[in-house]
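Report on the structure given below.
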Amino acid sequence: MHRRTLLAGALTAPAAAAVTGCTNGGSAADGSRGGRTTITYALWDQLQVAGTKKVIEAFEAEHPDIAVEIHVTPFSSYWTTLKTAMRGGSAPDVFWMNAVNLQLYAAGGVLQPLDEFIERDGFDMGVHPDELLRMYTYKGTRYAMPKDFDTIGLWYNKELFDKKGIEYPDESWTWDTVRDAAAELTDRRRGVHGIAAEMSKQYTYYNTIAQAGGYVIRDGRSGFGDPRTIEGLRFWTDLIDKGHSPSQSAMTDTRGRQLYLSEKVAMNYDLSSMASQMYAAPAIKDHGSVAVLPKGRERATTIHGLAAAISGKSRNTEAAWKFARFLGSRKAALIQAEAGVTISSYRGTQDAWVKSMPEFDLQVFIDMLDYAVPYPSSKRTAVWENLQPQLLGRPFSGKGGIEDASRTLARQMDLALEQEK
């Protein structure tokens, strides 16, 4: 969900044929093996492999005629590997998809539309958050099955708060509370900053843009020229300008998360899926915690989540659908939640994840669903997202000019969006 790479050349394959009369197949060429149909499932997160294996075991127990092989590729090369496989006709049957790439892949005709299967089997997609369903729908057609979601929380170090006599963050906090606390918590003598104002789309400024009443993209146009969008960006650059956060140049090699884990920043905005990493750090497990995001003009948190897509060229489409359907089921969600790595998107199954790390108040990530804002995307999201570090890097390094930089970004982003039409 971060540092994504656009694979513009990947999607020149012919459009997938419509789904009609799909079967599991039965020959070795179809992926069958000893009477069983073997399908491949590609993902990028090694931390989720153990839980995924348990999901597969449960699926294969229900479908003894289908075997599932996991293919793990690091995120840094995942999309390039997928592109190469699609060109060579060896794409995995089922694979992880994110919102950044969904529209591009769907428009390229390399994803299997799911509506026919969903309607045929009467699968209730309403068990997943509406925001995720919208992310994985393109021109009215559903192309992927949601499996999990992330929201963003305010992680904080209770020990650093206690030393300054500052009350812990809670739902009453606003931007002003954050600013005041960051100032008090900054201790230059000890090399500690109050907060990490990292130039990170999903973790930081996409949230405050929405909280300010601004927007990233709307109706095919950029929102970076909007005064409220700029206000959401300025929240972070002001913290850097005042010395209450390291500058972006100081966080190039050591990210905000690492600074928080090493107790060099007292507060950090970060993903729900990072809870297991926080839990594995003894100091943070002992005196770290998390709260809902502070309120700006309004409440908001960015929501994103992974989904399972089916290759439009799969020769085992029916088996692939059965597995994708299972990934979106309550049984798979409970197995995933108990693994404690990420929040299952199936309604009512998140409690196991919340209880998996009792030292943290993980319920806050679930509570924020009420005002979650979908991760912004278009057909070629990464083209205009790649403009952001180029144009926002200077003001996020404490050199001022966030207003002009944001307006310039808006103009260049609009040009990129115009190319999508």
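All residue numbers refer to positions in the sequence shown, counting from 1.
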Are the side chain of [X] and the backbone N or O of [Y] linked by a donor-acceptor pair below 3.5 Å?
X    : Y    : answer
T204 : E198 : yes
T40  : D93  : yes
N157 : E159 : yes

> Hey, is CD on E167 packed in by over 12 heavy atoms from elsewhere, all under 6.0 Å?
Replying inline: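 No, the 6.0 Å shell around CD holds no more than 12 heavy atoms from other groups.
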> Counting heavy atoms not belonging to K53, are there more than 12 under 6.0 Å from its NZ?
Replying inline: no
> How long is the gap from CD1 on I166 to CE on M267, to the nearest 0.5 Å?
Replying inline: 7.5 Å
> Of W175, F396, Y205, which meets ring pair (Phe, Tyr, Trp, His ring centres under 6.0 Å) against F235?
Replying inline: W175
> How are the rings of F95 and Y105 set relative to one another: parallel (under 30°), tilted (30 to 60°) or perpendicular (over 60°)?
Replying inline: tilted
> Can you say whether the rings of Y78 and W44 are parallel (under 30°), tilted (30 to 60°) or perpendicular (over 60°)?
Replying inline: perpendicular
Are [X] and [Y], when compared by the centres of their aromatic rings, separated by less than 6.0 Å?
X    : Y    : answer
Y269 : Y203 : no
F75  : W96  : no
Y156 : F161 : yes
W321 : F117 : yes

>> Given W155, which partner from the list L271, V290, L261, V265 fulfils the side chain to side chain contact (heavy atoms under 4.5 Å, CB included) test?
In response: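 The single option meeting the side chain to side chain contact (heavy atoms under 4.5 Å, CB included) with W155 is V290.
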